[in-house]
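Convention: sequence-line order gives letters A, B, ...; per-chain numbering from 1. Quick caveat: nothing in here was measured; it's all calculated off a predicted structure.
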2 protein chains.
Amino acid sequence: MAATRPANPLALAVLVLLWERPMHPYEMSSTLRERRKEDSIKVNYGSLYSVVESLMKRGLIEATETVREGRRPERTVYAITETGGQVMVDWLVELLSTPKKEFTQFEAALSLAGALPPEQVIELLGQRLRNLRFQQKAAEAVFEEARSVGLPRLFMIETEFTVALQNAEIAFVEHLLHDLRDETLGGFGMWRRIHELRRDGVAPGEIEAKIAAEFPDELVFAQHDENH
Amino acid sequence: MAATRPANPLALAVLVLLWERPMHPYEMSSTLRERRKEDSIKVNYGSLYSVVESLMKRGLIEATETVREGRRPERTVYAITETGGQVMVDWLVELLSTPKKEFTQFEAALSLAGALPPEQVIELLGQRLRNLRFQQKAAEAVFEEARSVGLPRLFMIETEFTVALQNAEIAFVEHLLHDLRDETLGGFGMWRRIHELRRDGVAPGEIEAKIAAEFPDELVFAQHDENH
DNA sequence: AGTCGAATATTCGACATCGAGTATTCGCCG
DNA sequence: CGGCGAATACTCGATGTCGAATATTCGACT
């Protein structure tokens, strides 16, 4: 059978750390913290220990010794196995070369935003924009500081990436807000009307009928509705 | 106590659907499919049924009737409760107004890419770029088709959003690849040297020492290492 | 010598996730 | 009219997630 791997990217981080040198779990978490990898990989005690166990079961890492230093609790030191090294490489290859759809909460919220009235959505997106700009300022400051300390860019590409994505989000929200305020976005009138009717306590079925009558051109795509 | 909610955004989708009108779970999944929300919300049978149960336990939705149509298996129809309506609004408000850090696999991979030699990373990012461009073409075609069918833009904002993010990713990878090929990216020499030494079978501890000696200026930030 | 908080190091269990499996029925085609 | 594939509708359990709780030690300061 092919060597399987855990789903959690934290397991990849563990493999990479053990590829550098043997370590015990707590040291992994502090190393990741020191290198600021917490910002790009979700590290979490519970997950760390179960991910290590899961890597053990699959034979990708092995316990080499248990040390007792002073009277601290016992620490188990792990090392990567040969299979583990291969899995690490394969995993990195896949993640770097092959884009995979990932779902964000904001995307979900956008797709469900129709359940709030348009004016409120405009208001909320305005707030988001202010928050995003604030975060952006903060991120750039951190960035600048890291550079001034002499941290090579190589160690910050993942941060550059998230900054790039954030900028794209800012531009998107700005653009969307503009179109919403303009009321030029296709479907806007229908959206507002639905919420007016709901506010006035019109029943769901009746709303559907009214909307269909009032906005025939915006619903041409929905012919399948006639089946019911 | 404050009304809690499940963590899975699919639960929000369920609330929104039931806010529109009562439904049974399978109908939820097909409605989401029809509206192409699968692309922006991870829908998954297992999760759907457990999310519905979880919403029930919290009193955000309630079972109104169980219908048997023909000799199909029994279907339980659910409706949203008043509390559920409030939770839905609060949840949407939060997601729309407040950006929250989300971790992507690619970000994790970027931050761990140092475990592969630079030449390979360049090669892999080249592949990624080709894949991204291909996907982009496909997405734009879907988009164009939707518009030609008369689907109002309002129903596609979430798609516009992901397209914007994808474009940002393409630009980022292009830029990064350029800097890598140039070898202008700070830390590049060190990175290559580490992999040369590993390939030649030099021991981890020795590698660290050699690197520290050969690249003193790129490691000025790492003074904490002297503690060990 | 005492204590307080930060760091070290891990466990636990409630909860969530998800794909594969099961069972049924409808509709179409020959 | 019979059979087969697509659609309907849901269940199950192995696995994964994660924060809170636990327990200890170190160092700084009183």
Side-chain angles (χ1 to χ4, degrees), chain A residues 1 4-14 17 22-34 38 41-58 60 63 65-78 100-103 105 108 224 227-228, chain B residues 1 4-14 17 22-34 38 41-58 60 63 65-78 100-103 105 108 224 227-228:
Chain A
M1 66 165 193
T4 64
R5 63 196 187 208
N8 192 333
L10 180 55
L12 177 58
V14 168
L17 289 170
M23 264 185 215
H24 58 94
Y26 190 82
E27 194 180 358
M28 296 173 199
S29 83
S30 27
T31 307
L32 290 172
R33 202 169 34 239
E34 257 171 38
E38 291 174 297
I41 301 167
K42 205 180 335 201
V43 180
N44 180 308
Y45 289 118
S47 303
L48 178 59
Y49 285 89
S50 58
V51 140
V52 164
E53 197 156 323
S54 160
L55 288 169
M56 273 276 280
K57 261 194 233 148
R58 293 162 211 255
L60 308 184
E65 39 170 354
T66 60
V67 191
R68 178 180 293 269
E69 192 172 297
R71 298 261 314 279
R72 293 269 181 71
E74 239 178 27
R75 300 174 312 181
T76 310
V77 176
Y78 296 89
K100 219 189 113 259
K101 166 80 190 165
E102 316 209 24
F103 297 84
Q105 311 246 123
H224 58 274
N227 301 352
H228 309 205
Chain B
M1 67 167 190
T4 64
R5 63 196 187 206
N8 193 333
L10 180 55
L12 177 58
V14 168
L17 288 170
M23 263 185 215
H24 59 93
Y26 190 81
E27 193 180 359
M28 296 173 198
S29 83
S30 29
T31 307
L32 290 172
R33 200 166 38 237
E34 257 173 36
E38 291 174 295
I41 301 167
K42 205 178 337 199
V43 181
N44 178 308
Y45 289 117
S47 303
L48 179 59
Y49 285 88
S50 58
V51 141
V52 164
E53 197 157 324
S54 159
L55 287 168
M56 273 277 279
K57 262 193 234 150
R58 293 163 210 254
L60 308 184
E65 40 170 354
T66 60
V67 192
R68 179 179 295 269
E69 192 172 298
R71 297 262 317 279
R72 293 269 181 72
E74 240 180 25
R75 302 174 310 180
T76 309
V77 177
Y78 296 89
K100 219 189 114 258
K101 167 80 190 165
E102 316 209 24
F103 298 84
Q105 310 245 125
H224 58 277
N227 300 351
H228 309 207

Quick check on [N]: is either OP1 or OP2 less than 4.0 Å from any side-chain nitrogen or oxygen of [X]?
X     : N      : value
B:Y26 : D:dC10 : no
B:N8  : C:dT17 : yes
B:S47 : C:dC18 : yes

_Tell me every residue that passes side-chain hydrogen bond (donor to acceptor under 3.5 Å, both in side chains) with B:K101, counting only those two or more places apart in sequence or in another chain._
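So B:K101 forms a side-chain hydrogen bond (donor to acceptor under 3.5 Å, both in side chains) with B:E107.
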
*Report the residue (B:P9 or A:R33) whose heavy-atom-nearest nucleotide on DNA chain C is the more 5′ of the two.*
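Its nearest nucleotide lies further toward 5', so the answer is A:R33.
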
*asked:* Go nucleotide by nucleotide along DNA chain C from the 5' end; which of B:A7 and A:Y49 gets its closest nucleotide reached first?
replied: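 So the residue in question is A:Y49.
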
Would you kindly give the [atom1]-to-[atom2] distance between [X] and [N], to the nearest whole Å?
X     : N      : atom1 : atom2 : value
A:Y45 : D:dA23 : OH    : P     : 18 Å
B:M23 : D:dT8  : CE    : C1'   : 16 Å
A:L10 : D:dG19 : CG    : C1'   : 15 Å
A:H24 : C:dT8  : NE2   : P     : 9 Å
A:M56 : C:dT10 : CE    : P     : 13 Å
B:E53 : D:dT11 : CD    : P     : 9 Å

*Tell me the side-chain hydrogen bond (donor to acceptor under 3.5 Å, both in side chains) pairs involving residues 42-56 of chain A, sequence neighbours left out?*
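Non-adjacent pairs meeting side-chain hydrogen bond (donor to acceptor under 3.5 Å, both in side chains): A:S54-A:R58.
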
*asked:* Let me spell it out: for each of A:R5 and A:N44, pick the nucleotide of DNA chain D with the closest heavy atom. Which residue's pick is nearer the 5' end?
replied: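 Its nearest nucleotide being more 5', the pick is A:R5.
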
_Any base atoms under 4.0 Å from B:R58, or only sugar-phosphate, or nothing? Heavy atoms, all strands._
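Here B:R58 touches the backbone only, sparing every base.
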
*What is the nucleic acid contact for B:K42, judged by heavy atoms within less than 4.0 Å: base, sugar-phosphate only, or nothing?*
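Sugar-phosphate contact only.
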
_Flag side-chain contact, heavy atom, 4.5 Å: A:I41 against A:L12_ =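 A side-chain contact under 4.5 Å is absent here.
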
*Is there a donor-acceptor contact under 3.5 Å from the side chain of B:Q105 to the main chain of A:P9?*
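Pair absent, no side-chain N/O of B:Q105 close to backbone of A:P9.
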
